[in-house]
Amino acid sequence: REKERERVRVERERELERELGQKQAHSSHRLYRIDHQAKQRRAGSENMFSKLKRLFVNDEDEETSFVPQASRTNRLEGTHEMLQYISSIDTTRMSSLEEAMSPITNAWCEGVLNNFDYLMILNTVAGRTFNDLSQYPVFPHVLKDYSSISINLDNASVYRDLSKPMGVLDPTRWKRILQNYNELLHGGGMGEEPYMYGSHYSTASHVKHYLFRMEPFSQFSVELQGGRFDLPDRLFTSMRNTFAMSCGGSTSDFKELIPEFFFLPEFLENVNGYMFGTMSSGEVVNNVRLPPWANKSGRVFVRTLAFAMESAHVSQHLHEWIDLIFGYKQQGREAVKAGNVFRLGSYEGGVDLSKIKDETKKKAKIGEITHFGQTPRQLFSKPHPRRVDAAVDSLTLLSNSIVETLSVVQSFGKIECPVRRLRAFKGVIDPYFPNTQVGEDLFITWGTWDDGLLLINSQGNPMARAHAVVDNTMTCVDVNVDSCLVVIGYESGVLDWFKFSVLPPSFEGLRRCYGHSSGVVSVVINPLLGMTLSAGENGVVHVWDSHTREFITSFRQPNHDDKITHCGVSFSTGDVVTACVRESEADLGFGLSKTTVAKHSRARVEHQRQQEAGVYPRGDYLDEAGEDKGSNVLCSITLWNVNGTEISSTSLPGIVSSLSLTHFPCGDETNSVCVGFTDGSFSLFRMLDLLPVRRFSSPNTTPLLSFFLFEETLFTGYEDGEILAWKADFDNKKKSPYVQLVEGVSVTIQPTRVRSVSF
């Protein structure tokens, strides 16, 4: 029987490898952004009100689905409601448009919305979209220093003047532009409406210019240039040169930036290995030459721009740029005074196409409007209010405080089972595993005696059952309440997708996938990027489309002896972190062995001693007989980007028992990787490059199994059932109004919960 099982396993593994190889063969030579519409949602409206914005890998409660960063009053409740609100705005009348935008503007002024999210809202309401290159979202150049070795974002001199259009930044160029405008104004334009700029700050060609290194924009650029890429000297090769040309080095270049500069480092690299040619200087065009302060890292560059976007200086002056692009300085007398006048055809309603009877002329005019550039719809007829100073200070939250010092402020006692997961539902933290509350009196549970997936009520009575794989052991399950999606991983490597309904309680089978040749140890749904990750014990991670359940790509640990024990994904950036141990002793990964604590009690004491001394050794362990086997097991975590490219890897001081990631949007916070160990301690790593931040010892020395972040409080759950609350010790000089506001927030730990299922 064992030989037959092995034969079936080998045949299935070969079949899967052939299937995956065929799929990868069609796409391995190109880099596609995963789910372009999902990326739009991530960069745009859904990201700005993410229900998972302030959590780790857990879902947040429904009532606080949009948690403001400065004030909990007058908050805009939830992603879905906000999108409905934006879609209901009447954009045909300026008065109703300004009135409808008022609560959103107030939210930004009070610090509820960050700068990036607010600009995405303005772009969306003004008719800009990722689905139309001629009306692509427009973002400002925020920095002007692209030559220094280091950059200080607290120094105002590194920022671009946001009160002026790009064409006015250079006095010499502006003098020539103003002279030409006066000539057109006094009859030199042969009846054409006078304008200052013959090109626009946002066009389809600009989007292709920035994104030509990645698909599908590579193909768009080739089509634009008649079957080849543009001349090497005209390509986007240097950030320093690009800014210099846009702000004064060219008489026809006034382009601003696009959102990708603030969240997508992949577009700066020639990941597809295209041959773009050689410039006249002899330099071969490849990756974008970044400023020295970026250390040749696209991730550092994008993160720095994101932090610059949310800086105090930009927050205090962004309203001036909004006046130029979306506000009262966009048209009319104020536009002339601000040096912000473009061709008449670029403005909404500037040309009445219905009056052009000649079809040839009409097509020519449409082509001119499409390719020259289109000014966004005007949203404000009065000066945009400035952001209040208190709101600017409120944007420094957990990251700047938690890394300084954390201390235990409260213990919520113990429950009668291990706290393997902490989630929240309607303001109540639920420590019980594996129950996930999906309704007022409805829970999803798994791991029953017959390995079933059930919808049950609070009395434990089954309301619905999913038809899972027969004679197979469930190893991991992830539930996304918003999309009513459940993904199950099995010991055999099979994945099951189900959709559940609350009224009436039911399950619908969506798809069964056979993508793994080893047991699945972790599945994670990323709702913002529309993707799901499944990690196999053999070190292979598959990425799936959550909407179609189709395979996208896969990657595996660089050392094939490593076995994955935990996997996490950032909802905001798509970064993936895997925790591994050596294959020979992979059962030491907590969650795969229930006897880990007994085996390693002596080793844990040694780890504690080394951790207190600041040492990060290789993971010691004991064998079944209790003998110390030394340091021949390497525990590590590895960081990958959304496309499966390895970014960094670091060794760990002990055996990993839990792994969580923060999901703050780029620029708001320094996202962290939280790793819990079997001795109860945990470490924080910077998600940018896995640089160790700090390690915290715990009064509870049982394995740390779960994390949960609420406001400024970090909750940790342990194997013995205890839940601890950690809070940062703030320096009074650094306290912001937001920090003072949430100091008194209390959190309810649900005292009772379904623990058994009756049949």
> Using distance alone, with no hydrogens and no angle criterion, decide if N641 and E266 have a side-chain donor and acceptor under 3.5 Å apart.
yes
> Can you confirm whether the side chains of D689 and S648 place a donor and an acceptor under 3.5 Å from each other?
no
> Given the side-chain rings of F707 and W726, with only the six-membered ring counted for Trp, is the space between their centroids under 6.0 Å?
no
> Does the side chain of L533 reach to within under 4.5 Å of the side chain of V541, using non-hydrogen atoms?
yes
> Might you point out which heavy atoms bring S534 and V523 nearest each other, and give the distance in Å?
CB-CG1, 4.0 Å
> By salt bridge (charged side-chain N to carboxylate O under 4.0 Å, His left out), which residues pair with R228, not counting sequence neighbours?
none
> Heavy atoms, side chains only, cut-off 4.5 Å: are N115 and V314 in contact?
yes
> Going by ring-ring contact (aromatic ring centres under 6.0 Å, His included), name the residues that satisfy it together with F229, two or more places apart in sequence or in a different chain.
Y274, F276
> I want to check something: taking the side chain as every heavy atom from C-beta on, are M531 and V642 in contact at a cut-off of under 4.5 Å?
yes
> Using ring-ring contact (aromatic ring centres under 6.0 Å, His included) as the criterion, list what pairs up with H319, not counting sequence neighbours.
none
> Does some side-chain heavy atom of S683 sit less than 4.5 Å from a side-chain heavy atom of F696?
no
> Between S199 and S252, does any side-chain donor sit less than 3.5 Å from a side-chain acceptor?
no
> Side chain to side chain donor-acceptor pair (under 3.5 Å) with S221: which residues, sequence neighbours excluded?
none
> List the atom of P232, the atom of T237, and the distance in Å for their closest heavy-atom pair.
O-CG2, 4.2 Å
> For D230, give me all partners under salt bridge (charged side-chain N to carboxylate O under 4.0 Å, His left out), at least two apart in sequence or on another chain.
R234
> Would you please name every residue forming a side chain to side chain donor-acceptor pair (under 3.5 Å) with S280, sequence neighbours left out?
D233
> Does either side chain, that of T573 or that of D575, offer a donor lying less than 3.5 Å from an acceptor on the other one?
yes
> Using every non-hydrogen atom in the two residues, find where N241 and S238 come nearest and quote the distance to one decimal.
N-OG, 3.2 Å
> Could you pull out all residues at least two apart from E256 that satisfy salt bridge (charged side-chain N to carboxylate O under 4.0 Å, His left out)?
R160
> Strictly distance-based, threshold 3.5 Å: is any side-chain N or O of S148 a donor or acceptor partner for the main-chain N or O of I151?
no
> Using modelled atom types and a 3.5 Å cut-off, is there a donor and acceptor pairing between side-chain atoms of E646 and backbone atoms of L639?
no
> Using a 4.5 Å cut-off on heavy atoms from C-beta on, say whether the side chain of D117 contacts that of I121.
no
> What do the steps show when you test F254 against Y201 for ring-ring contact (aromatic ring centres under 6.0 Å, His included), and what is the final call?
CA-CA 5 Å; F254 312 100; Y201 53 76; 9.7 Å; no
> Taking C580 as the fixed residue, which of I564, L652, T565 is the one that meets the side chain to side chain contact (heavy atoms under 4.5 Å, CB included) rule?
I564
> Report the C-alpha separation of S672 and R686 in whole Å, then their side-chain angles, then the decisive distance to 0.1 Å, and conclude whether the side chain to side chain donor-acceptor pair (under 3.5 Å) test is met.
CA-CA 5 Å; S672 301; R686 193 170 66 172; over 6 Å; no
> Specify the closest pair of heavy atoms between V302 and P265, including all atoms of both residues, with the distance to one decimal.
CG2-CA, 3.6 Å
> Hey, are the side chains of L119 and P140 touching, using non-hydrogen atoms and a 4.5 Å cut-off?
yes
> Could you pull out all residues at least two apart from Y159 that satisfy side chain to side chain donor-acceptor pair (under 3.5 Å)?
S311
> Would you confirm whether R695, through its side chain, and P653, through its main-chain N or O, come within 3.5 Å as a donor-acceptor pair?
no
> If we ignore hydrogens and angles and just use 3.5 Å, is the side chain of S649 paired with the main-chain N or O of I637 as donor and acceptor?
yes
> Test ring-ring contact (aromatic ring centres under 6.0 Å, His included) on F267 and F212; report intermediate values, then the result.
CA-CA 8 Å; F267 85 96; F212 75 94; 9.9 Å; no
> W321: what forms a ring-ring contact (aromatic ring centres under 6.0 Å, His included) with it, not counting sequence neighbours?
none
> Between F551 and H542, is the gap from one ring center to the other below 6.0 Å?
yes
> Checking ring pair (Phe, Tyr, Trp, His ring centres under 6.0 Å) against Y210, which of F217, F139, F236, Y136 comes through?
F236
> Listed by chain and number, what are the side chain to side chain donor-acceptor pair (under 3.5 Å) partners of R173, not counting sequence neighbours?
none
> Which heavy-atom pair separates S157 from K144 by the least distance, and what is that distance?
O-CE, 2.9 Å
> How about T645 and N643: does a side-chain donor come under 3.5 Å of a side-chain acceptor?
no
> In chain order, what residues pass the salt bridge (charged side-chain N to carboxylate O under 4.0 Å, His left out) check against D145, with sequence neighbours excluded?
none
> Given side chain to side chain donor-acceptor pair (under 3.5 Å), test S658 with S706 step by step and report yes or no.
CA-CA 6 Å; S658 58; S706 56; over 6 Å; no
> Going through the checks in order, is the side chain to side chain donor-acceptor pair (under 3.5 Å) test met by N295 and S297?
CA-CA 5 Å; N295 297 322; S297 170; over 6 Å; no
> Taking S657 for the side chain and F677 for the main chain, is one N or O donor matched with an acceptor at less than 3.5 Å?
yes
> Does any donor atom in the side chain of N287 or N270 lie under 3.5 Å from an acceptor atom in the other side chain?
no
> Decide, yes or no, whether a salt bridge links R289 with E283 under the criterion of side-chain N to carboxylate O below 4.0 Å.
yes
> Return the minimal non-hydrogen interatomic distance between T578 and C567, and the atom names on each side.
CG2-SG, 4.1 Å
> With the side chain counted from C-beta on, respond yes when Q557 and K563 share a heavy-atom pair under 4.5 Å apart, and no when they do not.
no
> For F301, enumerate each residue passing the ring-ring contact (aromatic ring centres under 6.0 Å, His included) test, keeping only those at least two apart in sequence or located in another chain.
W293
> Are Q135 and S202 close enough that some pair of their side-chain heavy atoms sits under 4.5 Å apart?
no
> I'd like to know if the side chain of H141 and the backbone of L143 have a donor-acceptor N/O pair within less than 3.5 Å.
no
